[in-house]
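Heads up, the thing below is written out as structure tokens.
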Amino acid sequence: MHCPFCKNEDTRVVDSRVADEGQAIRRRRACSECGRRFTTVETAVLSVVKRTGVTEPFSREKVMRGVRRACQGRAVDDDKLQHLAQQVEEAVRASGSAEVPANEVGLAILGPLRDLDEVAYLRFASVYRSFDSVDDFQKEIDDLRSGKSES
Ligand SMILES: [Zn+2]
């Protein structure tokens, strides 16, 4: 890996440790030319398989964008969205698979979003699970009230 400061090609690892509960390796590197140090993070690439079969790298940004729309006008700030996106990533990575279907990412969003804001959850779920009648909403609201997990 090239030094980000002087572009020298020779850098060495001076320290490496497991981070994010085993999901990443953080390495401290030193440049043999300018002597500066920098950190690299190594994680397994997590791919999301869309319905069309196209794969793309998992993106917390994308999760946040999708959820932000459902949170319009609600007391949900970016810190909370970031935390939610992190929970989603951890849940998806916990499946242990390097490739996950897009709908599993959507499912992983539902739980933490319900804990965060029930109105935003209903909005998101209505699109994601394609509610097509008032009855679907009613059922979901009944489930929320009775504290049951979604079916
Ligand atoms: Zn350097």
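Quick caveat, the model's predicted, so the values are computed rather than measured. For the numbers below, each heavy atom of this structure counts, side chains included, while hydrogens, waters and symmetry mates do not. Sequence positions, counted from 1, serve as the residue numbers for this chain.
Taking the charged nitrogens against the carboxylate oxygens, Asp143 and Lys139 do have a contact shorter than 4.0 Å, which makes a salt bridge.
Although no hydrogens or angles enter the test, the distance criterion places no donor-acceptor pair under 3.5 Å between the side chain of Arg37 and the main chain of Val14. For Arg123 (side chain) and Ala70 (main-chain N/O), a donor-acceptor pair under 3.5 Å exists by modelled atom type. The backbone N or O of Cys6 lies less than 3.5 Å from no partner atom in the side chain of Arg36, so there is not a single donor-acceptor pair. Proximity of a side-chain donor or acceptor of Thr11 to a complementary backbone N or O of Arg29 within less than 3.5 Å is not detected.
Under the 4.5 Å side-chain criterion, counting only non-hydrogen atoms from C-beta, Cys34 is not in contact with Asn8. Side chains of Leu116 and Val67 form no contact here, defined as non-hydrogen atoms less than 4.5 Å apart. Contact annotation: the side chain of Asp115 never approaches that of Tyr121 to less than 4.5 Å [non-hydrogen atoms, C-beta and beyond]. Residues Arg93 and Thr43 meet the side-chain proximity criterion, which asks for heavy atoms closer than 4.5 Å. For the pair Leu81 and Asp78, the minimum side-chain heavy-atom distance is below 4.5 Å. Contact annotation: the side chain of Ile25 never approaches that of Val41 to less than 4.5 Å [non-hydrogen atoms, C-beta and beyond].
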(message) Using side chain to side chain donor-acceptor pair (under 3.5 Å), reason through Glu90 and Gln86 one step at a time and then give a plain yes or no.
(response) CA-CA 6 Å; Glu90 280 165 9; Gln86 188 188 333; 3.1 Å; yes
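The hydrophobic clustering, which links ILVMFWY residues whose side-chain heavy atoms are closer than 4.5 Å, places Val76 and Met64 together. Linking ILVMFWY residues whenever their side-chain heavy atoms come closer than 4.5 Å, directly or via other members, places Leu107 and Leu113 in the same cluster. Hydrophobic clustering keeps Val100 apart from Val49 (ILVMFWY residues linked when any side-chain heavy atoms are closer than 4.5 Å, directly or through intermediates). Leu110 and Ile141 fall within a single hydrophobic cluster, where Ile, Leu, Val, Met, Phe, Trp and Tyr are joined by side-chain heavy atoms under 4.5 Å apart, directly or via other members.
Separating the CZ atom in Arg60 from the NE2 atom in His83 is a distance of 10.5 Å, to the nearest 0.5 Å. How far OG of Ser95 is from CD of Glu104: 6.0 Å, rounded to the nearest 0.5 Å. To the nearest 0.5 Å, the span separating CD on Glu42 from CE on Met1 amounts to 11.5 Å. To the nearest 0.5 Å, the span separating CZ on Phe124 from CZ on Arg114 amounts to 12.5 Å. If you take SG on Cys31 and CD on Glu9, they are separated by 11.0 Å, rounding to the nearest 0.5 Å. In this structure, Arg27 CZ and Arg12 CZ are separated by 14.5 Å, a value rounded to the nearest 0.5 Å.
Dense packing is recorded around CZ of Arg28, with more than 12 heavy atoms of other residues, nucleotides or ligands lying under 6.0 Å away.
Annotation for Ser47 and Thr55: closest pair CB-CB, 4.4 Å, computed over non-hydrogen atoms. Across all their heavy atoms, Ala108 and Val92 have their closest contact at CB-CG2, 3.9 Å. Across all non-hydrogen atoms, the minimal contact from His2 to Phe38 is O-CZ, 4.0 Å.
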